[in-house]
Amino acid sequence: MDLLAAEFFNWAVIARVWPMLWSGLIQTGLLCLMLIPIGVLGGILTMMLATSRYRLVRWPTLMAIDFFRSFPPLVLIIFVYAGIPFLGVQVPAMGAVAVAFFLNASSYYGEIYRAGMKSVPKGQAEAARSTGMTAWQTFAFVTFPQAVRNVLPDLLSNTIELVKLTTLASVVSVPELLHSADLARSLTYNSSPLIVAAGIYLVVLWPLVRLISRLEHRLR
Amino acid sequence: MESWERFVFTFFNAEVAARYWPQVLEGLWVTIFAGVAVVITGITLGMLLAAARTLGWKALNVPILIFVDVFRALPPLAIILVLFFGLPNVGIVLPSLVVLWIALGAVLAAFSEEVFWAGITSVPPGQWMAARSTGMTFGQTLFMVVMPQAVRLAIPPLTNRTISITKNLALGSAIGVSEILGQANSALSMSSNATPLTMGAFLYVVVFAPLIMASRLLERRYSWGNH
């Protein structure tokens, strides 16, 4: 028991590395602020292309969506981060993460929006158009808001997944929470920093996980 | 060098590809082996936990709920690092492949418990009553009447989850599991060329793209007329 406490809940160690963990947490927050809008907006763009009237636009987009959903996000990140520099172009770690997440997350969000748009009855768009609204107005004020409402639990759960995926940035040395915790572990030879980091993720994400469970059960 | 030539030389270098193909292919078998292990243990454990929850014992439900919530909330990479670096400090040394298997198996178990449980609760109570009144035991009712219906409902969301969790096998490269990405990465640093990464990415697409397309079909099939 004492061994467990000393290895996993060592307050002296935690107090010493706390500033590191704190700056990691800030970085993780910034990553989320950057990556969630990238995914949410990129998803809308992807969905628009994937539901286009023109086959020449629609099919390549659907293929790209499946293609980027087949890649583990970490492979995308490493591909951009470690592959591109061989072309002679330096890629900052943050940039590699942003590009990889744009490709991956907008495919996932795009699929969710697409399912949402499908769930809106055709009559809604027809009625809106017949009142004289333009196609854009119909989309922005009538069909899209309903689509979002219908897939809200999926959007939320995808956002949680995205927050969890920010830990992958640690692999390319972005100093986010998990990276700082792992660094602190190797400096102190003690696992407590990792436990604290896991605890922080848990405290932030657990309420959201609960919320999704409730939303899903209510909508069903 | 022309930029196009340089691009081909960097990402589609036939010479490098020929030399490192066997190594990257070796990673494919590790990925497939670990993937099958994670899927089987994760889904089985998830189903058993969901089944245990139907008993309605509080002493059982509370730990199950905590397990499910914790493993749904924690980032898989954090779980992997805690197990891989934390356990040896208390005298438990596990090979990296086993750590990967336990971590992802637990994550998949948590998510699939949730999906199975949602399926079970959406089976009308009349099904339980009817089955019990024909003289079936609780266990028979659960596994022969309710679970088959729950599984049907669970298939589309479960397929998606399973695919996205199995893709996390690539995280194994962070703790030295020699799966596709791990092999590609070491070939990359040996050859100073990005072609092994292209091969690795290609293998992931070969493995996962058919699964993703199949899940699209499944989703469409199960959404017709059943809701």
Side-chain angles (χ1 to χ4, degrees), chain A residues 3-4 6-8 62-63 65-67 69-76 78-79 82-88 108 111 115 157 160-161 163-168 170-171 177-178 181-182 185-186 189-192 194-195 197-198 201-210 212-213 216-217 220, chain B residues 3 6-7 9-11 68-70 72-79 81-82 85-91 114 117-118 121-122 160 163-164 166-171 173-174 180-181 184-185 188-189 192-195 197-198 200-201 204-213 215-216 219 223:
Chain A
L3 179 67
L4 272 183
E7 282 302 334
F8 294 119
L62 285 175
M63 275 175 67
I65 289 177
D66 279 359
F67 186 73
R69 290 198 307 166
S70 311
F71 275 111
L74 183 59
V75 176
L76 268 178
I78 296 206
F79 200 89
I84 308 285
F86 287 111
L87 286 174
Y108 273 97
E111 273 302 284
S157 95
I160 295 184
E161 290 304 310
V163 173
K164 284 156 65 177
L165 284 180
T166 59
T167 53
L168 301 191
S170 66
V171 176
L177 180 55
L178 190 61
D182 196 38
R185 174 198 60 80
S186 61
Y189 300 105
N190 187 287
S191 311
S192 307
L194 279 177
I195 298 289
Y201 285 112
L202 201 59
V203 167
V204 174
L205 294 175
W206 185 61
L208 296 175
V209 166
R210 277 285 91 219
I212 287 175
S213 288
E216 276 172 349
H217 280 277
R220 192 176 288 118
Chain B
S3 60
R6 182 163 191 163
F7 179 77
F9 178 83
T10 307
F11 288 103
V68 168
D69 276 8
V70 166
R72 286 203 310 161
L74 282 180
L77 187 57
I79 301 170
L81 293 187
V82 166
F85 293 113
L87 289 182
N89 287 346
V90 287
E114 185 70 14
W117 178 248
T121 52
S122 62
N160 283 332
I163 293 172
S164 67
T166 319
K167 283 195 312 192
N168 283 331
L169 285 169
L171 302 185
S173 63
I180 299 175
L181 183 61
N185 231 342
L188 167 94
S189 52
S192 298
N193 185 286
T195 307
L197 273 184
T198 313
Y204 277 111
V205 173
V206 166
V207 174
F208 285 108
L211 294 178
I212 284 188
M213 283 185 243
S215 78
R216 230 182 240 278
E219 226 161 73
S223 66

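In what follows, chains carry the letters A, B, and so on, assigned in the order in which the sequence lines appear, proteins first and then strands, with residues in each chain numbered from 1.
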Give the C-alpha distance, both sets of side-chain angles, the deciding distance and a yes or no for side-chain contact (heavy atoms from CB on, under 4.5 Å) between A:Ile84 and B:Thr10.
-> CA-CA 9 Å; A:Ile84 308 285; B:Thr10 307; over 6 Å; no
Using ring-ring contact (aromatic ring centres under 6.0 Å, His included) as the criterion, list what pairs up with B:Tyr204, not counting sequence neighbours.
-> none
Taking all non-hydrogen atoms of both residues, which atom of B:Ala73 and which atom of A:Leu202 are closest, and how far apart?
-> CB-CD1, 3.8 Å
Could you tell me which portion of A:Arg185 (side chain, backbone, both or neither) has an atom closer than 4.5 angstrom to a non-hydrogen atom of chain B?
-> side chain
Looking at side-chain heavy atoms only, is the closest gap between A:Asn190 and B:Asn89 below 4.5 Å?
-> no
Is it the backbone or the side chain of A:Ser192 that comes under 4.5 Å from a heavy atom of chain B, or both, or neither?
-> neither
Nearest-0.5 Å distance, CG of residue B:Asn160 to OH of residue A:Tyr108 = 8.0 Å
Below 4.5 Å, heavy atoms only, C-beta onward: do B:Leu77 and A:Ser170 meet side chain to side chain?
-> yes
Under 4.5 Å from a heavy atom of chain B, the part of A:Val209 involved | both
Top of B:Ala201, B:Ala194, B:Pro210, B:Ala209 for chain A proximity - count of heavy-atom pairs under 4.5 angstrom | B:Ala201
Interface check, chain A: of B:Ser189, B:Ala184, B:Gly200, B:Ser192, most non-hydrogen pairs under 4.5 Å belong to B:Ser192
Turns out that what part of B:Leu211 lies under 4.5 Å from chain A's heavy atoms comes down to neither
State the CD1-CZ distance between A:Ile65 and B:Arg216, to the nearest 0.5 angstrom.
-> 6.5 Å
Tightest non-hydrogen contact, residues B:Ile212 and A:Asp66, listed as CG2-OD1, 3.6 Å
Heavy-atom nearest pair, A:Phe8 first then B:Val90, reads CE1-CG1, 3.6 Å
For the candidates B:Leu87, B:Leu181, B:Thr166, which exhibits the highest count of non-hydrogen atom pairs separated by less than 4.5 Å from chain A?
-> B:Leu181
Between A:Leu74 and B:Ser173, is any pair of side-chain heavy atoms under 4.5 Å apart?
-> yes
Whatever's closer than 4.5 Å to a heavy atom in chain B on A:Leu62 counts as both
To the nearest 0.5 Å, how far apart are CD in A:Glu111 and OG in B:Ser215?
-> 8.5 Å
Portion of A:Ala198 that has a non-hydrogen atom of chain B nearer than 4.5 angstrom | both
Can you say whether A:Leu177 sits under 4.5 Å from chain B via the side chain, the backbone, both, or neither, judging by heavy atoms?
-> neither
Within the side chain of A:Lys164, is there an N or O that forms a donor-acceptor pair under 3.5 Å with the backbone of B:Arg72?
-> yes
Check whether any side-chain heavy atom of B:Thr198 sits under 4.5 Å from a side-chain heavy atom of A:Phe79, and report yes or no.
-> yes
Do you know which of B:Val205, B:Ile79, B:Leu169 has the most heavy-atom pairs with chain A at a distance under 4.5 angstrom?
-> B:Val205
Can you tell which of A:Ser191, A:Ala197, A:Ala115 has the highest number of heavy-atom pairs within less than 4.5 Å of chain B?
-> A:Ser191
Correct closest heavy-atom pair for A:Pro72 and B:Ala170 would be CB-CB, 3.8 Å
For chain B, the option from A:Val171, A:Leu168, A:Ile160 that forms the most heavy-atom pairs under 4.5 Å = A:Leu168
Which value, rounded to the nearest 0.5 Å, describes the distance between B:Asp69 atom CG and A:Leu205 atom CG?
-> 11.5 Å
Where does B:Asn185 contact chain A at under 4.5 Å (heavy atoms): side chain, backbone, both or neither?
-> side chain
In short, B:Leu197 meets A:Ile78 closest at the heavy-atom pair CD1-O, 3.8 Å
So OH of A:Tyr201 and CG of B:Leu74: to nearest 0.5 Å the spacing works out to 10.0 Å
Considering non-hydrogen atoms only, spot the tightest contact between A:Ala82 and B:Leu188 and give its length.
-> CB-CD2, 3.8 Å
Given a strict heavy-atom distance threshold of 4.5 Å, which part of A:Asp182 is in contact with chain B: side chain, backbone, both, or neither?
-> side chain
